Each structure stands twice: as C-alpha cells, then as structure tokens.
Amino acid sequence: MDPRYDIDVLLDEVVTLPSLPGTVAEIMRLVNDPNCPLLSVAKVLAADPPLAMKTLRLVNTAFYGLQQKVSTIEHAVALLGLKVVENLVFTATVFDIMAGDVDVFFRHSVSCGLAMQVFAEIGGADMPVSSSAEASVHGLLHDIGKIFLKEFLPEEMALVKETSRTRGICWEKAEREIIGFDHGEIGARLAQKWKLPAHFVEGIRGHHDMARCEQAEYRPVAAMLGVADYVCCQCGITAEEGAVVHLDAAAWAEAHIEKAHLPTMMNLFFEKLPSVDELINCARE
Amino acid sequence: MGALAFLDGRQGNVVLVGARDNPKGAVLVIPSEVAGEVETFPLDAGIRYLSEGAIVDVLCMQARAFGSSGLKPPAEATG
C-alpha cells in the first residue's frame, strides 16, 4: 500500500501542533542563558500561578523522592537547580496535554518516564542522559505524537489498531503502512516546534528504530527509550491495549544498559511503580 | 513460565515459583550433558546464560504473577 500522507503536507494542511505556553518557553530561554540569575526563573514561574502550583505538587510526589517538602518555587529552584525545575515545569505542561487522554496511554508514558529515571539512577554516568529528571521527561514525551495522530486522523488510527492486532505487527509499522510515517516522526516535529534540545527530538524520533535518528550521536538515548518502552510493555503497561512490541537486540548495548545492572534496575522500577498513580492523580487535579 | 533459548545455544525452561524477594522464585531448568538429567539454578545464578531481553521478560512475568506492584497478572495466570 502506498503511504497516504506526506508529513509536511499533513502538518501544513491538517494537523495543528500546539505551541509551547509562553511561561514555559520563557523559562527554557532563561535556563539556557548562562548569566541567568536563579531568582529570575522563580519570578517567571510564580507569575503563572496554575503552572507554579502544579509544579510544586509534582515535586512533592513520591515519584521524585525528596526527603523534605518543597513549599515555594524559590525553594524548589535553590534545592533542585534550574535544570531540574525546567524539567518539572515542562512535565507539568505535558501533563496538561496528556491528562485528557485515555488512562492506558497516560499511564504508559509516565511509567516509561519512571523506567528512564531508574536506568539513569542505577546506570549513572554511563547512561546517555544528563540526569534522572531529564530521563523522566524523555519517557513522558516518547509517544506524544500518538495524541495528534489520534486527534487528527482517528479513522486511520483505528485501522492501525486493527491492522496491528490482526496481523500481529508492531503499532509503528502499521502506522507507516497506513499513514505513511509513525508517531515518532510527528512527535519529533512537535519537539522541534517547541525548540526542545536535539536529544529530545531524536529520542522521540528513534525510540522504535534507532536508525531513524537523523543525528547518530542520539541513537543511545533513542535505544534507552526503546528499552524503557519494552520494559513497560512486558509489565503489561502498554500504550495501546494488546499492542505488539519489538525491541532490536542491539538496543541494550547501544543504550549502555549492562546486564549485571538489570535486576537492580528492575527491582527499583517495581518498587517505585506505585508512585505512578500518585503522579497521574496529581496531573488530573 | 515457558521455554527459553539460552545464550550458550541450549534450550531450557524458566519455572516461576514465587515472588522476586524469594531467591529461588524463578528457576532456570537446562538439560544436563548427562542424558535424561537436568540442571536447575536460581535466576541470579543463571543471568550469564540469558539475554537482556529474556531477563526482563522473566522478571516482569514474575512481578506480574507474584509481585505487589499492582501490575495486571499475565493472561495465563488469570485464565
């Protein structure tokens, strides 16, 4: 079957990807300014009370495992640093986009964030992410393209689901056959529109197939996402009911996940899984 | 749990008998070099024989069948 859509045409004529809220864009700009004083980020965030409240609720969930309660944005910035607060603000924003979606999808995305966080904590400096907070955002974002495909191409996505189920093929392969590209590609376009760093863009693009990364240096983070996705699916936490999952055997080495670390990583993942519910409830408050 | 291909080329089985905190909760069963006999050892001792994907498969199945993480039990466990 010939692919039905050209992604550029689709983005021009059919799909409208959301813009990043102004507060978040400003915080990202400030955090990436080496001369930015800590308090300026806190001021910008405090000027957006709903986002500030959601960020504070998030940081105080068991998911982030802090030993002390954080009650102000200034405290969060001082305690966690600008990059972590940036990731929290971004998480709160993505939650607003995802929270209205079906529960299985949201749970899969948050659980994938947890798996990434655990890999980063246990794997340490060997892992292709700069922090566990950044790793968590990677997991949260990896399937975000599905939201827009389901919103703008509902009939095609229903056919993707049926094709994946009846032929026993991976979801993303069915997307490529029926739509012409997969959710990783449209998710990467969203990340580009939001001016996210390249590691996010390429991680989303290549999480089902590292070879799709346009910049080879980001293949390890794409592979790490593929592994996190696989772990969640093997736990029964799939983004789609009954989805078929495939992981390239090369992904483990590419992601720098050592076999000796796996039992420890998995134990921590299982221990922290209950915190996913708390985070989801927080997002929906 | 089922059949498994080990990295040394042998075919064996994994038997799940308990939760992850039980050292013998997952047991690998591999045919011995002596005909008709089998070797058994706990998962931790047999990790070198398994691929990363197989380790995750076993641990996830064990958590779903016996764990307390709130995971859905595998289909075969629910009948």
Side-chain angles (χ1 to χ4, degrees), chain A residues 62 103-104 107-108 110-112 114-115 118-119 122-123 223-224 226-238 241-281, chain B residues 1-30 40-79:
Chain A
D103 191 59
V104 287
R107 183 172 303 276
H108 172 76
V110 176
S111 300
C112 207
L114 174 63
V118 165
F119 294 163
I122 305 291
M224 188 178 169
V227 171
D229 194 33
Y230 182 79
V231 164
C232 291
C233 291
Q234 293 309 97
C235 286
I237 313 169
T238 51
E241 296 284 0
V244 177
V245 61
H246 167 77
L247 178 67
D248 187 337
W252 301 92
E254 188 79 44
H256 305 153
I257 293 177
E258 290 185 23
K259 192 191 283 190
H261 288 159
L262 264 181
T264 310
M265 287 174 168
M266 294 300 295
N267 274 336
L268 188 57
F269 177 69
F270 292 132
E271 280 171 22
K272 288 188 164 189
L273 256 181
S275 70
V276 166
D277 284 328
E278 187 190 4
L279 207 64
I280 287 173
N281 290 337
Chain B
M1 173 183 158
L4 209 55
F6 293 87
L7 292 178
D8 62 3
R10 286 185 286 177
Q11 294 286 323
N13 285 283
V14 178
V15 181
L16 301 180
V17 292
R20 286 175 297 112
D21 56 2
N22 175 350
K24 293 184 179 174
V27 178
L28 306 183
V29 183
I30 304 181
T40 64
F41 36 90
L43 177 65
D44 284 353
I47 274 182
R48 67 185 182 281
Y49 293 122
L50 299 178
S51 68
E52 290 87 347
I55 294 167
V56 166
D57 293 350
V58 172
L59 292 172
C60 290
M61 192 60 81
Q62 194 178 14
R64 293 175 70 180
F66 299 101
S68 56
S69 307
L71 295 172
K72 282 189 292 189
E76 56 267 38
T78 58

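Basis for what follows: all heavy atoms, side chains included, without hydrogens, waters or symmetry-related copies. The chains referred to below are lettered A, B, ... by the order of the sequence lines, with proteins before strands, and numbering in each begins at 1. Note that the coordinates shown come from a computational prediction; the quantities given were computed from them, not determined experimentally.
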Looking only at heavy atoms, which two atoms of [X] and [Y] are closest? And how far apart?
| X | Y | answer |
| --- | --- | --- |
| Val56(B) | Trp252(A) | CG2-CH2, 3.5 Å |
| Ile47(B) | Pro263(A) | CD1-CG, 3.4 Å |
| Tyr230(A) | Gly53(B) | OH-O, 3.9 Å |
| Cys235(A) | Leu71(B) | O-CD2, 3.6 Å |

Relative to chain A, which segment of Leu43(B) carries a heavy atom at a distance below 4.5 Å: side chain, backbone, both, or neither?
-> neither

Cut-off 4.5 Å, heavy atoms of chain A, and the answer for Ile55(B) is side chain

Going from [atom1] on [X] to [atom2] on [Y], what distance comes out if it is rounded to the nearest 0.5 angstrom?
| X | Y | atom1 | atom2 | value |
| --- | --- | --- | --- | --- |
| Met61(B) | Gln234(A) | CE | CD | 7.5 Å |
| Arg48(B) | Lys259(A) | CZ | NZ | 10.0 Å |
| Glu52(B) | Leu262(A) | CD | CG | 6.5 Å |

Please look at Asn267(A) and chain B and tell me whether the side chain, the backbone, both or neither of the residue comes under 4.5 angstrom of a heavy atom of that chain.
-> both

Of the backbone (N, CA, C, O) and the side chain (C-beta and beyond), which part of Leu273(A) lies under 4.5 Å from a heavy atom of chain B, both, or neither?
-> side chain

